[in-house]
Amino acid sequence: MFNQTTVTEFLLLGFSDLRELQILHVIIFLIAYMFALMGNLLVIMAVACDHCLHTPMYFFLMNLSILDLSSISVTVPKSIGNSLLNTRSISYSGCVAQVFLFFFFATNNFIFLTIMAYDRYVAICKPLYYKTIMDLRVCAQMTAAAWICAFLYSAMHTGNTFWLPFCSSNVIDKFFCDIPQLLKLSCSEADISELVILVLSACLYFIAFLFVVVSYINIFTVVFKIPSKYGRHKAYATCLPHLTMISLFISTGIIAYVIPISHPLSVLDLIVDVLYSVLPPVMNPIIYSIRNKEIKAAIRKLMVWKFFPKRNLFL
């Protein structure tokens, strides 16, 4: 069936009609984007260049940084461009691409956070079998499976959403295209589609979340039995950043999608959308670098190699 839509573009939520506030929005988003860009690129380059970090944990962390960088690049540059040009429009095809890519990177992000929980479980609870279980082939298979599953999952939901005709309002109550907002704009009955998306997404995310919880119950059960204070501290140092990252991702997602949006939209609704889409990519490299000596050492070494090449002889 051909999608007989009369909508050729959508109007995204503007932060303000005042030019001064639009410029302020550009500055804030540009700073956040640059922090996310530099932070995640530093993590990617540090893991790629330092052979000491060529382990499953840091391999998955590098994938997570790639996803964070990609995720924020889907929404923030377009929002900055719209404010600079004093417009709110996004083309139909641009909205399709934004929905697919944002959903793809967000889903893949959560899958990798789940994989990282399994990696920590094996490393702490089954240390003698770690290299056997988490070998290069297994890591490559899990990575490929994560990207393929996220692609199919995102394609299914994006296709299901844009198969519906849009023939009434084209105003989206978000600064980027998102599936729940688009379903509200459809001039056909979207309740079934919305229910399918809600149930399927909730089941998959709940299963992954339950897997993470069970993994960490086993992890902390083992950690509490470690007699060495140094051993416990080392285990906590590798687990707490990951727990913080996954807590940030889940909490902002729940706030953005579970809590009802007020009508008319409030400043709080806008802040929630920004926190969900912008905060995790900015904070994740900071969270993982603060308590991780290996990452900090690799970044320092990378900076020395980049800006002080003559000092490499002394390293």
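For residues 121-140, the pairs satisfying side-chain hydrogen bond (donor to acceptor under 3.5 Å, both in side chains) are Asp119-Tyr130, with sequence neighbours left out. For residues 97-115, the pairs satisfying side-chain hydrogen bond (donor to acceptor under 3.5 Å, both in side chains) are Asp68-Asn109, with sequence neighbours left out. Applying the ring-ring contact (aromatic ring centres under 6.0 Å, His included) rule to pairs touching residues 52-76 yields His51-His54, sequence neighbours excluded.
Annotation for Ile207: hydrophobic cluster partners, listed by chain and number, are none (ILVMFWY side-chain heavy atoms under 4.5 Å, direct or chained). Side-chain contacts under 4.5 Å among hydrophobic residues (ILVMFWY), followed directly or transitively, place Val171 together with Leu11.
Under the 3.5 Å distance criterion, the side-chain polar atoms of Ser154 are matched with a main-chain donor or acceptor of Phe100.
Under the side-chain hydrogen bond (donor to acceptor under 3.5 Å, both in side chains) criterion, His242 pairs with Tyr216, not counting sequence neighbours. Taking the side chain to side chain contact (heavy atoms under 4.5 Å, CB included) definition, one finds that Cys52 meets it with Asp50, sequence neighbours left out. Remark: Phe211 pairs with no residue by the ring pair (Phe, Tyr, Trp, His ring centres under 6.0 Å) rule, at least two apart or across chains. Tyr118 pairs by the side-chain hydrogen bond (donor to acceptor under 3.5 Å, both in side chains) definition with nothing, not counting sequence neighbours. Asp178 pairs by the salt bridge (Lys or Arg N to Asp or Glu O under 4.0 Å) definition with Lys174, not counting sequence neighbours. Looking at residues two or more places apart in sequence or on another chain, you find no ring pair (Phe, Tyr, Trp, His ring centres under 6.0 Å) involving Phe209.
When the shell of 6.0 Å around OH of Tyr205 is examined, it contains more than 12 heavy atoms from other residues, nucleotides or ligands.
Under the 4.5 Å side-chain heavy-atom criterion for ILVMFWY residues, no single connected hydrophobic cluster contains both Val223 and Val214.
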Can you give each donor-acceptor pair under 3.5 Å made by side-chain atoms of residues 274-283, sequence neighbours left out, with the distance rounded to 0.1 Å?
unit_1	atom_1	unit_2	atom_2	d
Ser277	OG	Asp273	O	2.8

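Put simply, the side chain of Asn284 does not reach to within 4.5 Å of the side chain of Val43, judged on heavy atoms.
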